Amino acid sequence: MVCSAATRGLVFNATRKLICRPGASKAIGRILGEQGCRRALLVTDPNIRKLGLLDSAIVSLQQERIGFEIFDEVHADPAVANVESAVAVARAMRADHVIGFGGGSPMDVAKLVACLAEPDNSQALDDMYGVDMVTGRRLPLTLVPTTAGSGSEATSISIVTDSKPHEEPMKKGVVSPMLLPDQAILDAELTLDLPRHVSADTGMDAIVHCIEAFTSRLKRNRLTDALAKGALDLLSKNVRIVVHSKPHDVEARSNMLLGSYMAGMAFNNAPVGAVHALAYPLGSHFHISHGSSNSVVLPHVLNFNRLDPRAAALYTELALCFDSKELKTLQHDLGMRKTLREFGITRDDVPLLAREAMKQTRLLPNNIRDIGDHDIVGIYLEAL
């Protein structure tokens, strides 16, 4: 049962403005110009620029005589150095607006750049890690997702990989309402030519967000439950269409973007748990995509959680729109790998993965069932 907001209080953070319309990114110059933008930094990745997805946005900025620079050096699982390089560009050009254009990685980097490149900022990135550690203001921020998965355009979270000398690389999070953008632009036309495996991978990522938000231990509420269920309905009904039957179906692509956005709103306010905690080390150490990392551990975390009566009841409720049989069928239909061994991971890697997962102290308390190091080792072994 979800406690009412009246009895326990409710704080709900969300992106200020949403524009969901095919072709909307072609008007980004007019949108930003009306908001007083004169110099924008576009944060993206090499593939987005190579594929020409930025072209219409660039034309729009030029038409409105908005100056801009493009930082296209963001890669998957962005490192701290990526953020620092982008911040240097933003400061050098005296950017007054930051645009994150791409998947979760460019958007996560753009969020941090907007904070760190603000002229009066005195914080270092190291000082921002954790929850509500960002102080001061940020530059205006617009996020334009080109995949339907991360939900970063709807969250107050940014994840980077921090590699210190003589330490294992570790994913760290900055969590602050300051990272929520001023606006998100969902343009289905940007996603029409996504490779099938990317549509599948990001779609599974968004589905995991729904499941974990709906069973989040500490902050789930009626709003997050409604968003998680609604998003799961949209995603599960449209992901096969965009991956297999009609990849260029604009309505299905729009539904995927909106479902991902709704899932982002849900887990932004009812945070994810053990699935993500166990997935992060797979990304940082073995460079497995985030959607695939989540997908491969998901069934095993669900099996672990089901032994808690509260989790079992919630999974039963969620099964009205998406049950465990459907999950297995969907993973098969989307071509998701089912075992860690398929990624080259062996029993010898499990101790390292478990140690790194236990460091995810921001996420593990959100899991509906208490989970310790022995449990985590067992889940990884089952996933082999």
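Residue numbers run from 1 in the order of the sequence given. From a predicted model like this one, the values you see are computed outputs, not experimental measurements.
Looking at N221 and K219, their side chains never come closer than 4.5 Å, going by heavy atoms from C-beta outward.
Applying the side chain to side chain contact (heavy atoms under 4.5 Å, CB included) test to V198 and every residue at least two apart in sequence or in another chain returns T147, L194, P195, T202. Take D348 and apply the salt bridge (charged side-chain N to carboxylate O under 4.0 Å, His left out) test, not counting sequence neighbours, and it matches no residue. Shown here are the side-chain hydrogen bond (donor to acceptor under 3.5 Å, both in side chains) partners of N82, two or more places apart in sequence or in another chain: there are none. Every residue meeting the side-chain hydrogen bond (donor to acceptor under 3.5 Å, both in side chains) condition with S199, not counting sequence neighbours, appears here in chain and number order: R253. Judged as a salt bridge (charged side-chain N to carboxylate O under 4.0 Å, His left out), and not counting sequence neighbours, the contacts of R16 are D182. Every residue two or more places apart in sequence or in another chain was checked for a side-chain hydrogen bond (donor to acceptor under 3.5 Å, both in side chains) with S216, and none qualifies.
Environment of CZ in R310: crowded, with over 12 heavy atoms of neighbouring residues, nucleotides or ligands closer than 6.0 Å. Counted within 6.0 Å of CZ on R137, heavy atoms from surrounding residues, nucleotides or ligands total 12 or fewer; the atom is thus considered open. Atom NZ of K237 has 12 or fewer heavy atoms from other residues, nucleotides or ligands within 6.0 Å.
Grouped with M133 in a hydrophobic cluster is no other residue, since no side-chain heavy-atom contact under 4.5 Å to another Ile, Leu, Val, Met, Phe, Trp or Tyr is found. Other members of the cluster containing L352 do not exist, because no ILVMFWY side chain is joined to it at under 4.5 Å.
Partner R217 forms a side chain to side chain donor-acceptor pair (under 3.5 Å) with one of N367, D370, D308 and no other, that one being D370. When D127, D108, D126, D162 are each tested for a salt bridge (charged side-chain N to carboxylate O under 4.0 Å, His left out) with K172, only one passes: D162.
Both V174 and V87 belong to a single network of hydrophobic side chains, linked directly or stepwise wherever heavy atoms of I, L, V, M, F, W or Y lie under 4.5 Å apart. Both L235 and L334 sit in one connected hydrophobic cluster of ILVMFWY residues. Membership requires side-chain heavy atoms under 4.5 Å apart, directly or through other members. V272 and L232 fall into different hydrophobic clusters, where Ile, Leu, Val, Met, Phe, Trp and Tyr side chains are chained together by heavy-atom contacts under 4.5 Å. Note on I48: it clusters hydrophobically with L190, by side-chain heavy-atom contacts below 4.5 Å among ILVMFWY residues. Linking Ile, Leu, Val, Met, Phe, Trp and Tyr residues whenever their side-chain heavy atoms come within less than 4.5 Å leaves L363 and V297 in two separate clusters.
Of the possible donor and acceptor atoms, one in the side chain of T44 sits under 3.5 Å from a partner among the backbone N and O of F101. When atom types are taken as modelled, the side chain of S260 and the backbone of L257 share no donor-acceptor pair closer than 3.5 angstrom. Side chain of D72 to main chain of D45: no donor-acceptor pair is present (N/O by atom type, distance under 3.5 Å, no hydrogens or angles). At least one donor-acceptor pair closer than 3.5 Å links the side chain of N366 to the backbone N or O of R362. For K171 (side chain) and D77 (main-chain N/O), no donor-acceptor pair under 3.5 Å exists by modelled atom type. Within the 3.5 Å criterion, the main-chain N or O of G273 finds a donor-acceptor partner in the side chain of E212. Side-chain N or O atoms of Y380 include none that pairs as donor or acceptor with a backbone N or O of D349 at under 3.5 Å. Under the 3.5 Å distance criterion, the side-chain polar atoms of K111 are matched with a main-chain donor or acceptor of S152. Remark: the backbone N or O of A311 is not paired with any side-chain donor or acceptor of N305 at under 3.5 angstrom. Here the side chain of T215 pairs no donor or acceptor atom with the backbone of Y315 at under 3.5 angstrom.
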Could you please spell out the steps behind the side-chain hydrogen bond (donor to acceptor under 3.5 Å, both in side chains) verdict for Q331 and S295? CA-CA 8 Å; Q331 288 176 312; S295 179; 2.9 Å; yes

Report the C-alpha distance between I207 and L330 in whole Å, list the side-chain angles of each, state the deciding distance to 0.1 Å, and finish with yes or no for side chain to side chain contact (heavy atoms under 4.5 Å, CB included). CA-CA 11 Å; I207 285 170; L330 182 62; 3.4 Å; yes

With a 3.5 Å cut-off and sequence neighbours excluded, list the donor-acceptor pairs that the side chains of residues 55-64 form with protein atoms.
unit_1 : atom_1 : unit_2 : atom_2 : d
S60    : OG     : K26    : O      : 3.1
S60    : OG     : I28    : N      : 3.4
S60    : OG     : G29    : N      : 2.7

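The two residues G283 and S293 have their closest heavy-atom pair at N-OG, 4.0 Å.
If you take CG on D201 and NE2 on H290, they are separated by 9.5 Å, rounding to the nearest 0.5 Å. How far OG1 of T191 is from CE of M256: 9.0 Å, rounded to the nearest 0.5 Å. In this structure, OH on Y280 lies 14.0 Å from CD on E356, to the nearest 0.5 angstrom. For the atom pair CD1 of I19 and CD1 of I31, the computed distance is 3.5 Å after rounding to the nearest 0.5 Å. Separating the NZ atom in K229 from the CG atom in L234 is a distance of 14.5 Å, to the nearest 0.5 Å. The distance from atom CD of E153 to atom CG of L180, rounded to the nearest 0.5 Å, is 11.0 Å.
Counting only residues at least two apart or in different chains, side-chain hydrogen bond (donor to acceptor under 3.5 Å, both in side chains) contacts with residues 336-345 comprise T339-E342. Listed by first then second residue, pairs satisfying side-chain hydrogen bond (donor to acceptor under 3.5 Å, both in side chains) with a partner in residues 84-104 read H97-T142, not counting sequence neighbours. Within the structure, side-chain hydrogen bond (donor to acceptor under 3.5 Å, both in side chains) contacts touching residues 261-273 (residues at least two apart or in different chains) are S156-N268.
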